[in-house]
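No experiment lies behind these values; they were computed from the predicted model shown. Here is how names work: the chains are called A, B, and so on, in the same order as the sequence lines, proteins then strands, and each is numbered from 1. The basis for the numbers below is simple: all heavy atoms, side chains too, and nothing from hydrogens, waters or symmetry mates.
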2 protein chains.
Amino acid sequence: METAPSPEKRKYENLLLAALPAAERARLDPYLHFENMKSGLSITTPGEPIQNLYFPFDAVTSTVQEMSDGSSIESGLMGLEGLAGVQVWLRQTSTPSKTFVQIPGTGMRISTEDFIREVRDTSSPLNDLIAAYVHAFLVLTSLTAACNRLHTVDERLCRWLAMCYNRAGRREFPLRHEFLAQMLGVHRPTVSVAANMLQKAGLIQYQRGNLRILNPEGLIDGACECYSIMEAQVTSIYRQTRSEKKSPSEFRLRRA
Amino acid sequence: METAPSPEKRKYENLLLAALPAAERARLDPYLHFENMKSGLSITTPGEPIQNLYFPFDAVTSTVQEMSDGSSIESGLMGLEGLAGVQVWLRQTSTPSKTFVQIPGTGMRISTEDFIREVRDTSSPLNDLIAAYVHAFLVLTSLTAACNRLHTVDERLCRWLAMCYNRAGRREFPLRHEFLAQMLGVHRPTVSVAANMLQKAGLIQYQRGNLRILNPEGLIDGACECYSIMEAQVTSIYRQTRSEKKSPSEFRLRRA
DNA sequence: GTACGTCGGTGCGGTGCCGTACAGAGTTGG
DNA sequence: CCAACTCTGTACGGCACCGCACCGACGTAC
């Protein structure tokens, strides 16, 4: 199997940025600002203009759909493999979905104006990478649509935790059942039962809002097939560039 | 309310193409081939290269996710408001999802090579429109992810039929319960019960694989809120261009 | 300490859909 | 006109999750 990367190495990497030629990365450097992405930081809000885009390092962001009756559910999540705020790249100033930081961490921020001027409306090689990522995100969202209907809460919980672990690059992060329920589109007690099962099986460990992943492989085993397809799609973006440059595939994928 | 467009007028229109300046539309004309899009025509197949893109007129296409156990579910549908095969625009040669013609009709075909050379890799104004449509399709797919989990089969059936009606531009088209079940991600008998309810309520009429929509407003009333958000997103693409050119908004939207 | 708020575990009746089976109604072909 | 097939309606036990309620464990403030 692959060896897990050291946390220090992972901490300051975004796969899109890492796949850029050094010269282009240097050109964009003045517009990229290192940021501590705190939990709950809003990236897109329905009806409001998108102010910044984010290249996450070890932060994880979620796109959720909220219904008028208060129920909500996640339709996509992204981390180091992507760019939060791709709607700007698609020539939009706002979007009806909500996107925010789910698991706190670090990342690079670029303002909408800088992004449009220096990336979107130029011939930056980053555009090709973003196009591929938008496609991967569309695939991920499509599969989420299927997964939400066809698979059980237990399977989806395993998939979700495994994918978060891959993106956060660490075993422990803050996470409440209430919050998980909103992501999975189920009620809180349903999550409690499912999470408790995983805890008893020795896969995870809970303690008042803090989750610790004990056995990532076990989670993958418990997840539905969607896990493999989603993660394979993401890694395929970076497969072409791997031979050209240093391997950026510290992105973990198991059982693909 | 709005008056329904005459079928003849609707029959040869795709909103993306209609929104183009006349000169650009004329420039692309040699590459666009009128086609009778028959039921089941495959547009994207997992693992295989995408050969053609389609601008539907009154045909409706579906993107579905298929699981290894044989179950399947739709993650997005598109018709006259979009372009089937946008993955090519996103620099992909293939995609893991399956896209095919759901309701037969007409449309314009363009080969992948022609599209890349004459649209994607040029500064055609069509690129801006497609970007906006890709965003709308992403929003639609995201909402489908939520809808599939949070809403009942009855609500989703109403939404689906109403959206198909908007795109097909006619009241009658071939449709079997078996097929609807695959779209909604439920079992066939579940669809039979739900469809029978709508029939008894006088909203639709079934006859051995042929569906006739009797009361579109009734379907919209029975649909979940997702209907309005999805359709509003699509019409918003064409709102900007409406003042500039002739109104292409024969796309029906009610209760938005 | 006591009081309070937050978070997680559990129980239980209700319901929506599953999974499967079967019957009837229409359609096609000899 | 009968046989075979396709499509739709219906029935029923089972299960996953809902919806709600309650309790206990832990953390924090005073």
- Query: Heavy atoms, side chains only, cut-off 4.5 Å: are A:L157 and A:L180 in contact?
  - Reply: yes
- Query: Side chains of B:D221 and B:Y227: donor-acceptor distance under 3.5 Å anywhere?
  - Reply: no
- Message: Less than 4.0 angstrom from a charged side-chain N to a carboxylate O is my criterion; do A:R159 and A:E231 meet it?
- Response: no
- Item | Sorted by number, the residues of residues 63-72 of chain B with heavy-atom contact under 4.0 Å to DNA chain C | none
- Mind checking whether B:H177 and B:Y206 have parallel, tilted or perpendicular rings, split at 30° and 60°? perpendicular
- Task: Taking the side chain as every heavy atom from C-beta outward, state whether B:V234 and B:F137 have any pair of such atoms under 4.5 Å apart.
- Result: no
- Query: Distance only, no hydrogens: is a donor on one side chain within 3.5 Å (strictly under) of an acceptor on the other, for B:E74 and B:S62?
  - Reply: yes
- Indicate, with a heavy-atom threshold strictly under 4.0 Å, whether A:R176 touches base, sugar-phosphate, or nothing. sugar-phosphate
- Task: Can you tell me the distance, in whole Å, between the CG atom of B:L180 and the C1' atom of D:dT8?
- Result: 12 Å
- For the residue pair B:R188 and B:S192, confirm or rule out a side-chain donor-acceptor distance under 3.5 Å. yes
- Along DNA chain C, 5' to 3', what are the outermost nucleotides having an atom less than 4.0 Å from a heavy atom of chain B? C:dC17 to C:dT27
- Query: How sharply is the helix from C:dG1-D:dC30 to C:dG30-D:dC1 bent, taking the axes over five pairs at either end and rounding to 10 degrees?
  - Reply: 30°
- Message: So, using side-chain hydrogen bond (donor to acceptor under 3.5 Å, both in side chains) as the criterion, who are the partners of B:N196 when residues are at least two apart?
- Response: B:K200
- Can a donor-acceptor pair be found between the side chains of A:D58 and A:T106 at a distance below 3.5 Å? yes
- Message: In this structure, how many angstroms lie between the C1' atom of D:dT8 and the CG atom of B:N210, rounded?
- Response: 14 Å
- Query: Of all of residues 193-204 of chain A, which get a heavy atom below 4.0 angstrom from DNA chain C, listed by number?
  - Reply: A:N196, A:Q199
- Report yes if some heavy atom in the side chain of A:M67 is under 4.5 Å from a heavy atom in the side chain of B:L143; otherwise report no. yes
- Can you check whether A:Y133 reaches A:V86 side chain to side chain, under 4.5 Å on heavy atoms? yes
- Quick one: B:Q207 CD to D:dG9 C1', roughly how many Å, whole number? 15 Å
- Using a distance-only test with no angle check, is there a side-chain donor-acceptor pair under 3.5 angstrom linking A:T45 and A:S42? yes
- Message: For B:S142 and A:S97, which I'm curious about, is there any donor-acceptor pair between the side chains at under 3.5 Å?
- Response: no
- pair B:L214-B:I204: side-chain heavy atoms closer than 4.5 Å: no
- Classify every nucleotide of nucleotides 12-19 of chain D by which part a protein heavy atom approaches to under 4.0 Å, writing B for the base, S for the sugar-phosphate alone and - for neither, in 5'-to-3' order. -----SSS
- Query: Roughly how far, to the nearest 0.5 Å, is the SG atom of B:C224 from the CG atom of B:L150?
  - Reply: 9.5 Å
- Let me know the distance between NE2 of A:H177 and P of D:dC26, rounded to the nearest Å. 14 Å
